[in-house]
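Here the structure is a predicted model, which is why all the values come from computation and not from measurement. Here, residue 1 is the first one in the sequence, and each next residue gets the next number. Just so you know, ligand 1 is whichever comes first in the structure, and atom 1 is the first atom listed for that ligand.
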Amino acid sequence: MSAAKATSGNLFADDPAFQVTAQTISVLPPLPLAGPYDYLVPEGLSVAPGDFVEIPLGRQTQRGVVWGPAKGDVESSKLREIYGVLPTEPMADVTRRFVDWVSAYTMAPQGAVLRMAMSVPDALEAPKPIFRFTLNRDFDVASLRMTPPRKRVLEFLGTHPPMEQGDILRETGAGASVVKGLVEAGAVQRLMVTPPSPFDLPDLSIPRPDLSDEQTEAADALCAGVEEGGFSCTLLDGITGSGKTEVYFEPIRAALAQGKQVVVLLPEIALSAQWLQRFRDRFGVKPALWHSEVGQARRRDTWRAVADGSARLVVGARSALFLPYHDLGLIVVDEEHEHAFKQEDGVIYHARDMAVTRAHLGGIPVVLASATPSLETLANVEAGRYQRVELGNRHGVAVLPSVEIIDIRSDKPERNRWITPTLKKRLVETFANGEQAMLFLNRRGYAPLTLCRACGHRFQCPNCTAWLVEHRAWGKLQCHHCGYQAKAPDTCPECGAEGKLAPCGPGVERLFEEAVETFPDIRIEVATSDNIMGPKAAAELVRRVHNHEVDLLIGTQILAKGYHFPMLTLVGVVDADLGLAGGDLRAAERSYQLLTQVAGRAGRGDRPGTVILQTADPANRVIKAIAAGDRDAFNEVELSQRMTHGMPPHGRLAALIISGKKENEVDEAAWRIGRVAPRGDGLMVLGPAPAPLSLLRGRYRRRFLIRADKGVKMQALIHDWLSKVKTPGSVRIQVDIDPYSFM
Ligand code: ADP
Ligand code: ZN
């Protein structure tokens with residue numbers, strides 16, 4: 001812990017809102033249920049807003065951030081003193097305002113949001129210094145009792161820069177006592193050095209690739225935003241393969257050239273090895289990565305390097321938005337339409353929307369990139385709040401793939417088979433041409449449902465309202481919501497019948513089985529989140545596909561994004577109707593986006609691609625829009641339907657999820673909340689209703705959905721509403737502003 005800084009005057013003297021003396025301050029601890037608490041500053045210690053401090057809290061020692069003037073809700077004689085200030089860069093003003101803003105918007109406590117910005121407690125400690133050893137050139141060696149090991153060490157140090165002890169010992173074969181003796185004798189000096197940042201500065205001298213006219217125009221527009229400075233939000237709207245990444249590298253470079261930091265948010269960071277390589281090619285360095293799989297020591301170093309500004313380029317998942325940037329100059333949100341940006345537990349927030357807010361608070365540009373922008377973003381473009389730059393052509397000679405629809409009702413696969421005769425024929429042709437194909441089925445496991453043909457029993461998760469999915473490779477039934485697993489049985493637990501259990505419907509494992517039987521001579525690989533875990537596995541897969549060690553790739557949505565395989569010319573969507581069934585607000589939009597992304601994997605090189613959609617509903621407007629390649633028409637219909645119902649982006653939504661372990665308590669609480677539900681013009685409250693997943697991880701769940709016109713202050717309304725009801729502590733109420741999940 002560092003000693004006191006200069007003695008304090010009135011810290012917040014400049015702040016007219018601050019009426020209390022500097023002897024009391026408020027400190028926000030990173031705790032899920034907390035707001036700031038008042039503390040005293042001990043005599044002789046000086047703190048400033050944003051300082052990380054150690055405080056007593058209950059019986060524990062906690063760390064928190066000096067948030068501002070004391071609130072004055074506790075008499076100062078009852079306040080406790082802070083222990084001291086931690087040796088860490090203070091949290092920037094903009095980060096603190098961001099925490100407050102996110103807390104107010106999502107209705108999560110400030111402490112819960114701060115916790116995301118202080119996710120690495122170790123990072124608050126001073127880094128351990130390292131010691132290096134060097135020759136003392138003023139020392140008269142003649143006065144030294146010389147031994148062979150001493151001689152070797154002195155000779156070694158005489159010809160090398162300052163070295164760490166481990167390296168000296170390894171190189172000279174001397175023992176640690178030799179070095180120690182030389183230091184004591186004065187022949188060698190010990191230097192204390194602060195560990196260098198693990199992140200190298202980007203190389204800005206690497207020339208940019210030749211951009212097409214269209215790309216140049218887009219890149220120039222984005223760079224202008226960086227050069228002018230100030231807040232701006234621009235949609236980089238370009239078809240798959242149009243070079244969006246190459247284009248947004250240019251404003252990144254411009255921001256780096258200004259000495260600023262840049263963060264790029266990706267929806268599934270762990271799987272973007274190929275993208276990272278392009279990044280390294282362009283900037284000559286590895287960016288600082290930030291996602292759930294980064295190890296603890298690396299997290300600590302990264303957090304510190306972001307805070308002191310030495311990590312200039314950060315690439316991460318949504319949580320990277322909450323890092324304590326020293327001087328952030330640009331945010332890029334790639335695949336901005338992705339629902340993976342919505343965090344569904346703890347603080348429920350949408351990283352794209354919060355990125356725009358963060359940019360606004362910091363007065364910096366933000367770029368949202370997508371081939372299938374969300375309707376929310378398009379509405380913001382329409383309203384003039386966001387700018388738009390467009391890329392309408394694929395890079396080089398590549399063109400968008402042609403799309404064919406197969407009606408599985410007439411072009412029928414065999415029983416318990418899913419590849420239609422036409423798709424099979426196209427696959428055969430593709431392999432014969434020496435090209436690669438991909439089959440897309442967004443279902444992990446072998447079969448989504450297991451049924452007893454004797455009694456009709458269906459295997460259900462004991463903790464969730466969900467079927468158990470068979471994973472034949474592991475011999476298990478698994479719940480995809482809570483992870484519950486059971487051994488796949490041979491007899492029906494209900495009627496005892498043997499050998500009557502039947503898998504219903506396909507998962508990727510079952511499709512793989514079919515593909516192996518149908519194409520015995522080709523090399524097939526399955527890619528799902530079950531076997532492609534982490535960046536290494538993803539990189540390895542990419543390498544094999546690139547080297548054409550794989551002919552047919554079968555996988556789930558993890559294959560939809562970002563990958564660039566030039567020899568992949570055929571994409572077969574095995575069940576194009578899959579995402580459409582859910583019927584939630586965004587089912588059609590999401591399905592359209594996903595299928596467009598999947599389709600976008602085909603024909604990215606110099607050979608044209610084909611996409612085949614297998615459907616039982618060829619007249620569906622999502623299917624038709626994809627076949628026609630008519631995004632605008634699709635969006636127009638979708639938007640007008642939302643408008644009719646006052647749904648986002650035309651109106652606002654929020655959800656309340658009431659949950660608990662005892663069903664009667666949950667029902668009772670939901671009923672009481674429902675009784676005092678707000679009413680009014682431009683407002684509609686639906687519920688309480690059992691959530692579609694009315695049991696999840698052993699908790700019973702009831703939902704309210706609140707729809708309001710744009711002008712309604714949703715948070716204030718919910719706040720007032722909930723303050724009118726008392727519910728038992730065993731019942732949890734979660735507020736989800738702008739919900740994306742309706743489960
Ligand atoms: P998108 O993100 O729009 O799908 P990418 O940025 O991934 O497109 O570009 C598709 C492919 O084309 C990538 O392999 C990329 O390196 C290449 N590419 C795009 N623009 C250029 C360019 N101007 N020069 C060289 N290669 C390019
Ligand atoms: Zn479950």
Query raised in the report: Just by distance, with hydrogens left out, do Asp281 and Gln277 show a side-chain donor and acceptor under 3.5 Å apart?
Result: yes
Query raised in the report: Any idea which part of Leu391 is under 4.0 Å from ligand 1, heavy-atom wise: side chain, backbone, both or neither?
Result: neither
Report task. Decide whether the shortest distance between a heavy atom of Gly238 and an atom of ligand 1 is less than 4.0 Å. Result -> no
Query - Nitrogen or oxygen atoms of Gly243 and ligand 1 under 3.5 Å apart - result: yes
Query - Whether Phe283 and Phe249 hold their rings parallel, tilted or perpendicular, with breakpoints at 30° and 60° - result: perpendicular
Requested in this report: With sequence neighbours excluded, tell me which residues meet salt bridge (Lys or Arg N to Asp or Glu O under 4.0 Å) with Glu638.
Outcome: Arg621, Arg642
Query raised in the report: Under 3.5 Å, N or O to N or O, is Pro209 touching ligand 1 that way?
Result: no
Query raised in the report: Between the main-chain N or O of His395 and the side-chain N or O of Arg604, is there a donor-acceptor pair closer than 3.5 Å?
Result: no
Query - Mode of His564 contact toward ligand 1 - side chain, backbone, both, neither (heavy atoms, under 4.0 Å) - result: side chain
Query raised in the report: Just checking, is any N or O donor in the side chain of Thr528 or Arg443 under 3.5 Å from an acceptor N or O on the other one?
Result: no
Query raised in the report: Which atoms of ligand 1 have any heavy atom of Thr240 under 4.0 Å away?
Result: 4 (O)
Report summary line: Contacts satisfying side chain to side chain donor-acceptor pair (under 3.5 Å) that involve residues 687-700 (not counting sequence neighbours) are Thr465-Ser694, Ser659-Arg699
**Report entry** Protein N, O or S within less than 2.8 Å of the Zn ion (ligand 2), waters excluded
**Finding:** Cys461 SG, Cys464 SG, Cys479 SG, Cys482 SG
Requested in this report: Record the part of Val247 in heavy-atom contact with ligand 1 below 4.0 Å; permitted values are side chain, backbone, both and neither.
Outcome: neither
Query raised in the report: What class does the angle between the rings of Trp275 and Tyr248 fall in, given that below 30° is parallel, 30 to 60° is tilted and above 60° is perpendicular?
Result: tilted
Report summary line: For Ile239, the ligand 1 atoms with a heavy-atom partner under 4.0 Å come out as 3 (O)
**Report entry** ligand 1-proximal atoms of Leu211, by part, heavy-atom distance under 4.0 Å
**Finding:** both
Query - Shortest heavy-atom approach to atom 6 (O) of ligand 1 - which of Arg601, Arg278, Arg208, Arg604 - result: Arg278
Query raised in the report: Does even one non-hydrogen atom of Asp334 get within less than 4.0 Å of ligand 1?
Result: no
Query raised in the report: Does any N or O atom in Ser212 lie less than 3.5 angstrom from one in ligand 1, N or O only?
Result: no
Query - Location of contacts on Glu246 toward ligand 1, heavy atoms closer than 4.0 Å - result: both
Report task. Say whether Ser374 and Arg352, considering side chains only, have a donor N or O and an acceptor N or O under 3.5 Å apart. Result -> yes
Report task. May I ask you to check whether over 12 heavy atoms, not counting those of Asp213, lie within 6.0 Å of atom CG? Result -> no
**Report entry** Neighbour count >12 (heavy atoms, 6.0 Å) for atom CD, Glu636
**Finding:** no
Requested in this report: Could you verify whether a donor N or O on one side chain and an acceptor N or O on the other, from Glu589 and Gln593, lie under 3.5 Å apart?
Outcome: yes
Query - Any donor-acceptor N/O pair, Asp237 side chain to Arg388 backbone, under 3.5 Å - result: no
**Report entry** Atoms of ligand 1, numbered as shown, that sit under 4.0 Å from any heavy atom of Asp210
**Finding:** 22 (C), 23 (N), 24 (N)
Query - Arg426: salt bridge (Lys or Arg N to Asp or Glu O under 4.0 Å) partners, not counting sequence neighbours - result: Glu404, Glu429
